[in-house]
Amino acid sequence: MAELPDKSEHFIDWYLEAVEVAGLTDKRYPVKGMNVWTPYGFQARRLLDGLMIQGIEASGSRAVEFPTLIPQTEFQKEKEHVKGFDAEVFWVTRGGATPLDIPLVLRPTSETAMYPIFAIWIRSHKDLPLNVYQIVNVFRYETKTTRPFLRIREVHFFEEHTCQLTDEAAAARCRSNLATFQGIADALALPFVATRRPEWDKFPGAYYSIALDLPVGGARTLQVGTVHHYRENFSRPYEIRYEDLRGEMQYVHQTTFGLSERLLGATVAFHGDRRGVVFPSSIAPYQVVIVPIVSQNSGPIAVDAARALADRLRSRNVRVYVDDSEERPGAKYYLWESRGVPLRIEVGPREAAAGTVTAVNRLGEKKGLGPGSLDDSILQALADYDKALAARARVAFQKSFSVAYRLEELKDSSTVRLVSWCGTEACGHQIEQAIEGAVLGVPEGPLPIDPGAPAECISCGKAHETRWVLAGRPL
RNA sequence: GGGUCUGUGGGGUAGCUUGGUCCAUCCUUCGGGGUUCGGGACUCCGAGACGCCAGUUCAAAUCUGGCCAGACCCA
């Protein structure tokens, strides 16, 4: 087996192979864009779900689950929304041989499934805010080339939907969601930028959309999440109203927050290297793999030591696997490296006798541990690994942005670009054409790099009321 | 949406133009044996595929049609 393709030169080839060798999905399922989750990949996904659940519930949201099928009549109530999704929904038109009176849509997202029910649930201002989320599969008839975790037709989707009393409360919920996402991203050691998407690229039906993007090498970016402020755009057609203190009916202000297994793809894409996947310990299916080194004459001492150590680590909630298969040690090292295991522990016969081990983390740092407080040292090594991974990620992140002052500079961008923009759609499209990508949007909060005050618009040269905007090439 | 092309064991391929020693080949994968074992071992035995359905033919991986799946290019 050779090394993976060069990540910076052939990113997509590298990505596909990294996912393949790690065994996260089986792409042989005979429907385009629908892959099988393997036990290893599913475990990573479940851990990722756990991060989302923990984060969102800490911010006062509760889990619900709505049905998969949506009647066409409900689906069509918000005009922009239908227009945005019409081309990519799967339809259910028959029950057995009987044509359905009202065709059903396989949800591409759940606004139109939830909101008729929200209208029933919400009567009074006392019913607000309503903060609920669900983690379910949604379906989109993707026509472009599909890629595991990144562009798929059956999406494992996290969606929070909230109803708020006021516009300001909804904006506050959006900010709260960004803080929640920050926590999730931190756990994954993924730096990101939040930008307000330009008008022409916001979610169909939204008042505004804040997208969460990751730079993944060159000018490439990966959108891993969105927070939308809907204002009353949905509550009016779906008649979600409450009676306020004065006894008047008011429409609720709504928000949504969406994430998916793209975050898993992003973790692979961002941290991975020539040997394959690199997992942060938060979602690593195995945080520690122990490889006992056995030779013909040494007997079971190394395996016994490995198993005893594994039991002790498990009792401290470490996910650990003892690889006592018949493979040679070298083959095991490569295998577990490609699968992204944060920490490998080697135990040879002599070490077993002495109560020591050799620890090698996924960043290649190697050291001997023990005999004193061995278990603590291993936990410490795991924590150190996560810190080192995050530090490495921050460095890569800093290098992923640069300022461009002229449209011609955009063509050969080797980073995501920060450009000054007048805010008009015409100039926005000029920028998109020049970079052969997209205007991501105006950053929310601090910029990844400090470019000073905005200059004149990179496209039309207008000097007043310009702002910095990020442009890149979304995957 | 329009066009071009592709489909051969688990993965990657040759063969197809001109139908016939092709129970197809190489690299791997899987099962079993032996020698090994601190960075991708060697060796022996064995298993496993011509996308699906029709048609043409003495004979189809190869030709024809339909279907399914996928890739690339353009709008």
Side-chain angles (χ1 to χ4, degrees), chain A residues 1-5 10-41 83-91 140-148 150-154 200 273-278 289-306 309 322-341 343-370 429 432-433 436 438 475:
Chain A
M1 270 178 263
E3 276 197 333
L4 268 41
H10 308 283
F11 178 81
I12 285 298
D13 292 337
W14 170 85
Y15 176 80
L16 293 173
E17 225 172 300
V19 169
E20 178 81 29
V21 297
L24 294 169
T25 69
D26 196 324
K27 62 181 180 190
R28 289 170 297 186
Y29 192 77
V31 178
K32 178 184 166 83
M34 295 187 180
N35 298 328
V36 175
W37 289 89
T38 59
Y40 192 70
K83 224 165 51 178
F85 280 103
D86 213 21
E88 54 180 73
V89 292
F90 286 93
W91 288 96
R140 297 178 185 178
Y141 185 76
E142 187 61 63
T143 54
K144 291 187 201 155
T145 301
T146 57
R147 313 192 184 295
L150 301 184
R151 198 181 297 135
I152 44 189
R153 284 178 165 180
E154 182 171 8
W200 64 87
D273 63 19
R274 296 209 82 155
R275 295 214 170 139
V277 172
V278 177
V289 161
I290 306 177
V291 179
I293 310 295
V294 297
S295 58
Q296 209 168 20
N297 304 321
S298 66
I301 180 171
V303 175
D304 289 346
L309 175 60
V322 178
D323 187 351
D324 57 358
S325 65
E326 298 291 318
E327 294 299 321
R328 294 158 70 87
K332 295 178 186 178
Y333 301 165
Y334 280 96
L335 172 71
W336 293 111
E337 280 166 5
S338 77
R339 306 191 95 190
V341 174
L343 191 65
R344 179 177 78 241
I345 301 292
E346 305 167 19
V347 195
R350 219 171 289 173
E351 285 173 314
T356 62
V357 301
T358 301
V360 184
N361 74 18
R362 187 58 183 80
L363 298 174
E365 296 160 349
K366 180 172 186 170
K367 59 174 151 185
L369 300 177
H429 290 317
E432 298 192 325
Q433 226 164 48
E436 296 169 331
L475 273 177

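Within every chain, numbering begins at 1; the chains are lettered A, B, ... in the order of the sequence lines, protein sequences first and strands thereafter.
Here the CD-CD1 distance, from A:Glu351 to A:Ile293, works out to 8.0 Å after rounding to the nearest 0.5 Å.
Here the side chain of A:Arg339 pairs a donor or acceptor atom with the backbone of A:Ala22 at under 3.5 angstrom. Side chain of A:Lys332 to main chain of A:Asp323: a donor-acceptor pair is present (N/O by atom type, distance under 3.5 Å, no hydrogens or angles). Distance alone, capped at 3.5 Å, places no donor-acceptor pair between the A:Arg362 side chain and the A:Val341 backbone. In this structure a side-chain-to-backbone donor-acceptor pair under 3.5 Å is present from A:Trp14 to A:Asp273. Side chain of A:Thr358 to backbone of A:Gly368: no donor-acceptor contact under 3.5 angstrom is found.
Look at CZ on A:Arg275: it is 12 Å from P on B:G39, rounded to the nearest Å. The CG-P distance, from A:Leu335 to B:G39, rounds to 16 Å in whole Å. In this entry the distance linking CD1 of A:Ile293 with P of B:G39 reads 8 Å, nearest Å. The CD atom of A:Glu326 sits 13 Å away from the C1' atom of B:G34 (whole-angstrom rounding). The separation between A:Trp336 atom CH2 and B:G39 atom C1' is 16 Å, rounded to whole Å. Atom CG of A:Leu16 and atom C1' of B:G11 are 14 Å apart (whole Å). In this structure, A:Lys27 atom NZ and B:G11 atom C1' are separated by 9 Å, rounded to whole Å. One can place CG of A:Asp26 at 11 Å from C1' of B:G11, the figure rounded to the nearest angstrom.
Distances from the side chain of A:Gln296 to the nucleotides B:G39, B:C72, B:U36 place B:U36 closest. Taking the side chain of A:Tyr333 as heavy atoms from C-beta on, and the options B:G39, B:A71, B:U36, the nearest nucleotide is B:G39. When each of B:U36, B:G40, B:A71 is scored by its nearest atom to the side-chain atoms of A:Ala331, the top-ranked nucleotide is B:G40.
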**Message:** Walk along nucleotides 1-7 of chain B from 5' to 3' and tag each nucleotide B, S or - by protein heavy-atom contact under 4.0 Å, base first, then sugar-phosphate.
**Reply:** -------
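B:C30 sits 44 Å from B:U56 when the P atoms are compared, rounded to a whole Å. For the C1' atoms, the distance from B:G39 to B:A47 is 31 Å, rounded to whole Å. Distance noted for atom P between B:C37 and B:G48: 34 Å (whole Å). Taking the P atom of each, B:G51 and B:A60 are spaced 15 Å apart, rounded to whole Å. Between the P atoms of B:U8 and B:U4, the separation comes to 22 Å (whole Å). Nucleotides B:U6 and B:G46, compared at atom C1', are 33 Å apart to the nearest Å. Remark: the separation of the C1' atoms in B:U28 and B:U13 is 11 Å, to the nearest Å. Distance noted for atom P between B:C23 and B:C68: 34 Å (whole Å).
For A:Glu337 and B:G39, a side-chain-to-base donor-acceptor distance below 3.5 Å is present, hydrogens and geometry of angles not being considered. Side-chain atoms of A:Glu17 and base atoms of B:G11 include no donor and acceptor less than 3.5 Å apart.
Taking 4.0 angstrom as the limit, A:Arg28 places none of its side-chain polar atoms (N or O) nearer than this to OP1 or OP2 of B:G10.
Under the 4.0 Å criterion applied to side-chain N and carboxylate O atoms, A:Glu142 and A:Lys144 are not assigned as salt-bridge partners.
The minimum heavy-atom distance linking A:Thr145 with A:Arg151 is given by the pair O-NH1, 2.8 Å.
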**Prompt:** When you look at A:Leu475 and A:Tyr15, which way does the side-chain contact (heavy atoms from CB on, under 4.5 Å) test go after all the steps?
**Reply:** CA-CA 12 Å; A:Leu475 273 177; A:Tyr15 176 80; over 6 Å; no
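At the heavy-atom level, A:Val291 lies nowhere under 4.0 Å from the strands shown.
An aromatic stacking contact links A:Tyr334 with the base of B:G40, defined here by ring centres under 5.5 Å apart and ring planes under 30° from parallel.
Comparing A:Thr145 and A:Glu351 by the nucleotide of RNA chain B whose heavy atom lies nearest to each, the residue mapping closer to the 5' end is A:Glu351.
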**Request:** Would you write the dot-bracket representation of RNA chain B, where each base gets (, ), [, ], | or . depending on whether it forms a Watson-Crick or G-U pair under 3.5 Å and with which partner?
**Result:** (((((((..(((.......[.....)))(((((((.....)))))))...(((((..]....)))))))))))).
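A:Val36 has its side chain out of reach of A:Thr38: every pair of non-hydrogen atoms, C-beta onward, lies at least 4.5 Å apart.
If you check the side chains of A:Ser295 and A:Asn297, you find no donor sitting under 3.5 Å from an acceptor.
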